Number of protein chains: 2
Amino acid sequence: MSLDGPTMDERVPRDFETLRATILDRRESLPKRIAQIAAYALDNPDDIAFGTAASIAASAGVQPSTLIRFAQQLGFDGFTSLQQVFRERLRERNSSYDERLQALRAKAEGGAGHRAIFDGFVAAASTSLNDISRTLDDAHLEDAIALLAKAQTIYVLAKRRSYPVATYIAYALGKLKIRNQLIESAAGLNAEMISFATPADAVIAISFSPYAPATIEEARTISEQGVPIVAITDSAFSPLAQFAKVWFEVAEADFAGFRSLSATMALAMALTVGVGEKRRDAGRKRKA
Amino acid sequence: MSLDGPTMDERVPRDFETLRATILDRRESLPKRIAQIAAYALDNPDDIAFGTAASIAASAGVQPSTLIRFAQQLGFDGFTSLQQVFRERLRERNSSYDERLQALRAKAEGGAGHRAIFDGFVAAASTSLNDISRTLDDAHLEDAIALLAKAQTIYVLAKRRSYPVATYIAYALGKLKIRNQLIESAAGLNAEMISFATPADAVIAISFSPYAPATIEEARTISEQGVPIVAITDSAFSPLAQFAKVWFEVAEADFAGFRSLSATMALAMALTVGVGEKRRDAGRKRKA
DNA sequence: TATGGATTGGAATTATTATTTCATATTGCC
DNA sequence: GGCAATATGAAATAATAATTCCAATCCATA
């Protein structure tokens, strides 16, 4: 180890990636316990970010002092400054996308041409896709697909902003030869359409705040008929969630007052194609 | 505030979303300084996660004791337990990212569940967004917006797979109070609708291979009436391109036989909102 | 405008946590 | 195998941070 005095100008890794590289680089030459905490740090960066020296040391199976020595070997003056790097990493991961969107919003407001608007919508869509990738619950997806695959007819229920998703679902179900019924408002025959649904059918209902009253009303009616509902909505407090057998929370980023639909679309397509696959599999089994 | 003894079983928000909802819910009834720190907490959740009581209090412009009172009012026994919720939020956001990667790896190895389908659609959407970001021509965007902004009525023309985009455009134009007409196939009155269009109007037409014959036919008719067309399509050889004053080439990635719509949607929204802005600006100028 | 209760600020206190120290163990080298 | 250098464990200490307490202030109400 360097024994230079306080004048030495050793480079201290300031960002996580550099730090990671440094650790990996020196891995071979580290003493046993230090190597142990080094491995732990790279495997559990979140724990380093939030834990106390004592708790981290315990999880990693070393003494707190070892943790501090580890930090010092890397050029930090203590555990606390090492921890800063791990915290900064978490902070940046989360903020980068949001900040980008905010910057774009500001640019668009400042009248920076229409390209800025376009970029904003692209960014909003990307953000939404990222979010849903992280938050979607696999089990819910399986449940929803199982439920829909059993249905004789799939009713698709959505108005206004969510309506495009409904039309796409209806289109895709049609292409997959799955019987479905889009509940449109145009002809004013919704009540009759809904009355045909039975517990052997199923519903995909989509609604976001501010929830279209008609969608909520129709969802209530149809659920009272015993028809199971799969809902796509934006919060646990959504009125749709309470009628649904399975519901998905989708948080879409917005830009210029319009929310993205990209996450909802991806989920909708996954449901649709998932149902198609499940039916095909079931069909094969029955024949065999 | 409740003065019940320690036996009371008040529900303490354990996850960030519940906490957020609780704060929003009580917002009105909170004392001034507490409300101040509440607002700060929701606006700067990362600071709460990482800061110390003193540093946070300073940033929010209150005393540390106020911060603790805030936590206690929410049912926590101190700042520390409140902070846990904010930390958990960051941790989850972050860890699920890793989990996603692991899930993808698992999928590659063994029997792909329905999650794989979902990931596929997300990937297709992301790819499409990336592509269009790179390839979109700013000048075309400006031209198209200028053309549409002058129109008395904007006709929106799309069938089948592109139809969801058309409905979203119509919805957004409506919200922006821009006169528009969606050309639907349902009522079979398309020919009449189209015949009303004049050169003072404009059309947004959307069609991808295999081009819906009806869309092409209607686009031809309407362009022969001298109505300018903005087209969104997938190739220079598209029949739509030849009728259009301005056209965009959008390459959407596909998955499981269904193409993404995310890029088309982003472009459609940019056009719509761009027109809205241009109109507003023009309106201001005219008044001045 | 006087009065009681709630709210707030700021310092004192307590708790927690990082760091240091030193005795002990381990390792590499002659 | 013995010696020096290095590494490690455990407890003491120092630093930092959370919490509490009390006086001052604000606010509603009579």
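First the proteins, then the strands, lettered A, B, ... as listed; each starts at 1. Only a predicted model underlies this, so the values are computations on that prediction, with no experimental measurement involved.
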**Study point:** Interatomic distance, A:L30 CG vs D:dT6 P [rounded to whole Å]
**Key:** 15 Å
Study note, to complete from the structure: Of the candidates D:dC22, C:dT19, D:dG9, the side chain of A:T80 sits closest to C:dT19
Review point. C:dA15 P sits how many Å from B:D77 CG, rounded?
Key: 14 Å
Study note, to complete from the structure: Separation between OH (A:Y211) and OG1 (A:T215), nearest 0.5 Å, reads 11.5 Å
Review point. Sub-3.5 Å donor-acceptor pair from the side chain of A:S238 to the main-chain atoms of A:D234, do we have one?
Key: no
Point to revise | 4.5 Å side-chain heavy-atom contact, B:V122 and A:L136 | key: no
Practice item. Determine whether A:E218 and A:K159 make a side-chain contact, defined as any pair of heavy atoms from C-beta on separated by less than 4.5 Å. Key: yes
Check your understanding: What is the distance, rounded to the nearest whole Å, between atom CD1 of B:I68 and atom P of D:dT19?
Key -> 5 Å
**Study point:** Length of the CZ-C1' vector between B:F70 and C:dT7, whole Å
**Key:** 16 Å
Exercise for review: Ignoring hydrogens and angles, tell me if any N or O in the side chain of A:R89 forms a donor-acceptor pair with the backbone of A:F16 under 3.5 Å.
Suggested key: no
**Study point:** Main-chain N/O of B:T18 paired with B:T22 side-chain donor or acceptor, under 3.5 Å
**Key:** yes
Point to revise | Nearest-angstrom distance from the residue atom CD of B:Q83 to P of C:dT16 | key: 15 Å
Collect all protein-nucleotide pairs involving nucleotides 24-28 of chain D in which both atoms are nitrogen or oxygen and the distance is under 3.5 Å.
none

**Study point:** Interatomic distance where CZ belongs to A:F79 and C1' belongs to C:dT16 [whole Å]
**Key:** 14 Å
Check your understanding: So, B:R87 versus B:Q84: side-chain donor-acceptor pair below 3.5 Å or not?
Key -> no
Exercise for review: Take the protein atom CZ of B:R69 and the nucleotide atom P of D:dC22, then report the distance between them rounded to whole Å.
Suggested key: 13 Å
Practice item. Measure the shortest side-chain to side-chain distance between A:F208 and A:T264 over non-hydrogen atoms and say whether it is less than 4.5 angstrom. Key: yes
Study note, to complete from the structure: In numerical order, the residues of residues 51-67 of chain B whose heavy atoms come under 4.0 Å of DNA chain C are B:Q63, B:S65, B:T66
Practice item. Kindly indicate whether a cation-pi arrangement holds for B:R91 with A:F50, taking the cut-offs as under 6.0 Å to the six-membered ring centre and within 45° of the axis. Key: no
Review point. Can you tell me how far P of C:dT8 sits from CD of B:Q72, to the nearest Å?
Key: 14 Å
